[in-house]
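For reference, the structure discussed in these notes is given below.
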Amino acid sequence: MASQFYGRALALLTVLLGVSLATFLMVHAVPGDPAFALLGDQATAEDIARVRRDLGLDRPLPEQYARYVIRAVQGDLGTSIRTGQPVIQAIGQRFSSTIYLTLAAIFLSTITGLAVGIVAAVSRNRFVEFFISVFPLVGLSLPTFWSGLLLITLFGLVLKWVPVVGDAGLRSLVLPAIALALPTSAVVARMTRTTMLATLGEEFVRTARAKGVPRHLVIYKHALKAALIPVVTVVSLQFGALLGGAIVVESVFARPGLGRLAVEAILARDFPVVQGVVLVSAVVFVLVNFAAEFLYSALDPRISKS
Amino acid sequence: MKPKTVVRSLLTCLTLALFASVALAQSVGGSVVIAINAEPDSLDPQKSATAVVNQVMRYIGDTLVNKDLDGNYIAGLATSWTPSEDDKVWTFTLRENVKFHNGKPVDAEAVRASFLRAKDPATQSPVAAGLLAPVDDVVVVDDYTVEFHLARPYYLLIENLTQQALALVDAEAAAELGAEFNRSPVLTGPWKVGPWASGSRITLERNPDYAWGPEYAHDGPAYLGQIVFQIVPDQATATAAFEAGNVDVLTVAPSDVQTLESTGKYSMLSFMRKGLGLYMAYNVNRAPFDDLRVRQALAYLIDKDALVAVSLRGLGQPACGPLPPSIAGYWDGICSYSAPYDPARGLELLVEAGYTSQNGKLVKGGQPLAFSILTSSTYGWPQSAQVVQAMLKEFGIDVTVELVEHTTLLAQGREGSHQAIFLGYTYTSADILNSYLNSANIGTGYNWAHYADPEIDSRLALSRSTSDDALRQETYAELQRMVLDLGLWLPLWINDNYVALQPRVQGAQLSKEGFIALLDAYVE
């Protein structure tokens, strides 16, 4: 167990180094100067030169990266070029909002995805089958910025169930979570249906049926548990997609989250914030995948033995 | 006192009395929610660099010199100002009984400390330091008199002192609070910064001690208890939030103006942009625009009226020169001076430049007349690029539209890798010409045409130093003509900006500069 843990930690470190280097190279390869982005169209040439000097952007790139890594190891991700705020603090203020949104979306998409997938696998009703086969298609095809606006128009503007902007606690989490969950639930539904169909055809299920176990017990106790492993993989991988999807959803729903922080930072060429957000997201993503692996062994004891 | 002044003061008294009686009727409290599309970087006026801060700063800070709703200079925290004989020393008399948000009185020492902080390199002020560049020192004469000592005569000083970046800060509090001052600055305005929920909203709270407002508003503190700035990056969401009643004040996207107006439910205010919404700058170092005749010819080939009708839905007007009528210094002869839509004349110029028509294409030495326009997705720009492309295609000119993200656009324009580039600006004074035309700004700043001309440089210097207003106006007029004569820019359009208010918000006024004055505002 301990060696497994150290192995994981080492993997995490490697991922982080790789991610930080890639992000660093990318943000510096993109044309555009933070000083220019910061000062906008009201600045003079003298202002630009002064700000560049103040930000230390005139130093060589390897030196900038080395400084960054050394400080990051000490827990200092630098300060935002745009706001002068420590990056850690800026991320801290936005982190919980994105995590709540992502968790809510995971919850919603897993529940609906599983339900739709199971029904799709066992249903003999043609109408239900049709609806179920269309759902993943629609869910995957609707871009979230559009489905988000549809939800806002319907529930915020016409029905007025939730405020369009502003914080109303849990209520203001509902619409963005639905918008974000839609594509993922489609993926989960499709995966669940496929694995359920495969599992239902297996011998142990036939055996269970033959010995007279009621149909719902066969489905939920025998087949579902075995079918769940690939679904866990999909859900944990989708976590990354959801973190990415939050970028769009947070902008549409005016939520203060990591995704929006990243967009603002990219547009302003606020390098330290971009790097910070990517690093933190990478950490979260890697941790979620570790968690998924532990979940496999809970679902199927054979996995941890191997 | 001149008779005129007496009448004016009497009128002021009457107005004040009127306002005072209205004030009694107004209930104090309530809040107004204003949607903004980005989060301010910092509310320390000396640290901020983003335009969105200007929308907030007027409510929380005061400047030495203020502007009335028509844009004329009026008393701010200074009641009067006079230049010395040689224009190098300006003396300001300060208003008495002004207090910072922390209760500390504002005297000459505090004013000096605020301006010296802005100038101090350690402050790293992106905008404020530049506005004060010619100021050598601020000297305290007595408790309520300060002198600004200038390195050279600088007529923009008064204009600069009206800028939000030079709102007065409590320099002592800034030193004590450090980075915290960015989010809870100590200023003097009618509201103070309250809770700031990152990425979500900033709440301003009424300053009950406020008694030094501008002359166009009632005396005493504001009525509104709170002003909430709700950060909504997505324009469609902001509009939906406004229609749902979650937002009271909305800067309306041009595409939504008609929809909101047609409901008849909201008050819509509009003002002409202080700047050009769109112009095309030519890079004079790159073919085909290294030929003056080509640059001039295009001006005759583009029907700006049609362009405004299509790409702006008519919510604006064609631009004739580099300055709009909304900026002082605009030469009102520019529209009759600029090239009219006259394809015949345009094609004549291209023939003079050596182009001939072959199979419907303009060709010179085997090379077709073709160029690319670099544009970002700023509202109306991609559409305008397509319209320009279609208009020029009729004359056998091939235009490619290259769409990039805005910061990339600026970087490429600065390097000079473009042939033609779409840009716009918003600014307070005609001094913007210096940024765009000064040869010192080639490659480092905003000289997008990459055109160096000592004659232009010397006129720019003159416009900045002379104390002779008539001469300055004439210099600006000359510069505006030169931009057209030299074909540096093709000015395209000036858009109107729209603001929508919920009917529950009463007494709000819109200045010609687009500032929504809320001192007299109240909610029902």
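All values below were derived from every heavy atom in this structure, side-chain atoms included, with hydrogens, water molecules and symmetry-related copies excluded. Chain letters run A, B, ... following the sequence lines, proteins first and then strands; every chain starts at 1.
Ranked by heavy-atom pairs shorter than 4.5 Å toward chain B, the options A/Lys160, A/Arg94, A/Glu264 are led by A/Arg94.
Under the 3.5 Å distance criterion, the side-chain polar atoms of B/Asn434 are left unmatched by any main-chain donor or acceptor of B/Asn438. Using a distance-only test at 3.5 Å, with no hydrogens or angles considered, a donor-acceptor pair links the side chain of A/Asp270 to the main chain of A/Arg82. In this structure a side-chain-to-backbone donor-acceptor pair under 3.5 Å is present from B/Ser125 to B/Gln46.
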Starting from the C-alpha separation in whole Å, work towards a yes-or-no answer on ring pair (Phe, Tyr, Trp, His ring centres under 6.0 Å) for B/Trp448 and B/Tyr446. CA-CA 5 Å; B/Trp448 310 114; B/Tyr446 290 83; 5.3 Å; yes
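Listed by first and then second residue, the side chain to side chain donor-acceptor pair (under 3.5 Å) pairs involving residues 244-253 of chain A are A/Thr98-A/Glu250 (not counting sequence neighbours).
Neither the backbone nor the side chain of B/Gln235 comes within contact range of chain A; no heavy atoms are under 4.5 Å apart. Residue contact with chain A, scored on non-hydrogen atoms closer than 4.5 Å, involves the side chain of B/Val247 exclusively. Using a 4.5 Å cut-off between heavy atoms, B/Glu405 contacts chain A through its side chain alone, with no backbone atom that close. Only the backbone of B/Pro40 comes within contact range of chain A, judged by heavy atoms closer than 4.5 Å.
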